[in-house]
Amino acid sequence: MKESDKNIENLIDKMMSESTLESPSVDFTSKIMAQVLVAEKNKVKIYKPLISKTIWVIIGFSLLALAVYASLFSGTEYNLEIDKSYTERFSALFSGIHLSKNIMYAVLIVPFMILIQIGLLKNYFDKKYEL
């Protein structure tokens, strides 16, 4: 080692031996915990929906504009009555698809189960985060 490194090391050793360890006051932990508890009480959970009202308005206007565009610029008249030709076209679209009974039951039951689950989860979280 160089002489300057030894001098620096000696100086550091001397400074460390002269200084004492600082310790916090006796009630340091209780003061900190009191501040944490006050901060938690002040924290209020504000309800904020996933989709804001402005987005719902934009979606509504977009759907309305799409309906108006389709009705004005389609070039054909729409008959609101559902007659045989519409049902035949609809059934022709799905005539090549053959599903088993199990799949049909799943397709019919799963959406209802999802709706029930959404309701149960909503009640659970409402009770959990009740103010």
Side-chain angles (χ1 to χ4, degrees):
M1 287 176 91
K2 295 181 180 178
E3 186 66 32
S4 65
D5 289 341
K6 286 183 183 180
N7 289 337
I8 292 175
E9 190 172 331
N10 289 335
L11 178 65
I12 292 174
D13 288 339
K14 183 179 176 184
M15 289 176 63
M16 293 297 286
S17 65
E18 290 176 1
S19 67
T20 60
L21 290 177
E22 293 181 17
S23 60
S25 64
V26 177
D27 58 345
F28 176 76
T29 305
S30 61
K31 286 181 180 178
I32 296 295
M33 291 308 294
Q35 290 177 355
V36 169
L37 292 175
V38 168
E40 284 182 6
K41 287 181 182 177
N42 290 340
K43 193 185 321 179
V44 176
K45 193 151 195 118
I46 298 172
Y47 173 74
K48 185 177 179 185
L50 291 176
I51 301 174
S52 66
K53 289 181 182 180
T54 56
I55 299 299
W56 279 117
V57 169
I58 291 170
I59 290 171
F61 280 127
S62 299
L63 290 175
L64 182 66
L66 183 65
V68 168
Y69 176 79
S71 65
L72 293 177
F73 300 110
S74 64
T76 60
E77 285 188 29
Y78 287 103
N79 188 359
L80 294 178
E81 282 186 30
I82 298 177
D83 59 354
K84 215 174 196 183
S85 64
Y86 290 113
T87 56
E88 287 174 2
R89 287 184 204 165
F90 187 74
S91 63
L93 286 174
F94 299 106
S95 65
I97 300 173
H98 299 287
L99 301 173
S100 68
K101 286 185 179 180
N102 291 338
I103 293 176
M104 286 301 289
Y105 291 143
V107 167
L108 294 174
I109 292 174
V110 166
F112 292 114
M113 299 307 263
I114 289 173
L115 289 175
I116 290 170
Q117 195 172 25
I118 287 171
L120 291 174
L121 285 172
K122 182 183 181 312
N123 287 334
Y124 170 76
F125 284 113
D126 285 346
K127 288 178 184 175
K128 186 176 179 180
Y129 295 112
E130 218 171 54
L131 295 178

- Looking only at side chains, do S100 and N102 share a donor and an acceptor under 3.5 Å apart? no
- Message: Can you confirm whether L120 sits close enough to Y124 that some side-chain heavy atom of one is under 4.5 Å from a side-chain heavy atom of the other?
- Response: no
- Identify, with sequence neighbours excluded, every residue that meets salt bridge (Lys or Arg N to Asp or Glu O under 4.0 Å) alongside K128. none
- If Ile, Leu, Val, Met, Phe, Trp and Tyr residues are connected whenever their side-chain heavy atoms lie under 4.5 Å apart, and connections chain through other members, are I116 and I109 in the same group? yes
- Kindly give the heavy-atom pair with the smallest separation between P111 and A106, and that separation in Å. CD-O, 4.1 Å
- Message: Once rounded to the nearest 0.5 Å, what's the spacing between atom CD1 of I103 and atom NZ of K101?
- Response: 13.5 Å
- Item | Separation of K122 NZ from D126 CG (nearest 0.5 Å) | 4.0 Å
- Is I114 linked to Y105 within one hydrophobic cluster, defined over Ile, Leu, Val, Met, Phe, Trp and Tyr using a side-chain heavy-atom separation of less than 4.5 Å? no
In residues 48-61, what donor-acceptor pairs under 3.5 Å come from side-chain atoms, sequence neighbours left out?
{"residue": "S52", "atom": "OG", "partner": "T54", "partner atom": "OG1", "Å": "3.1"}

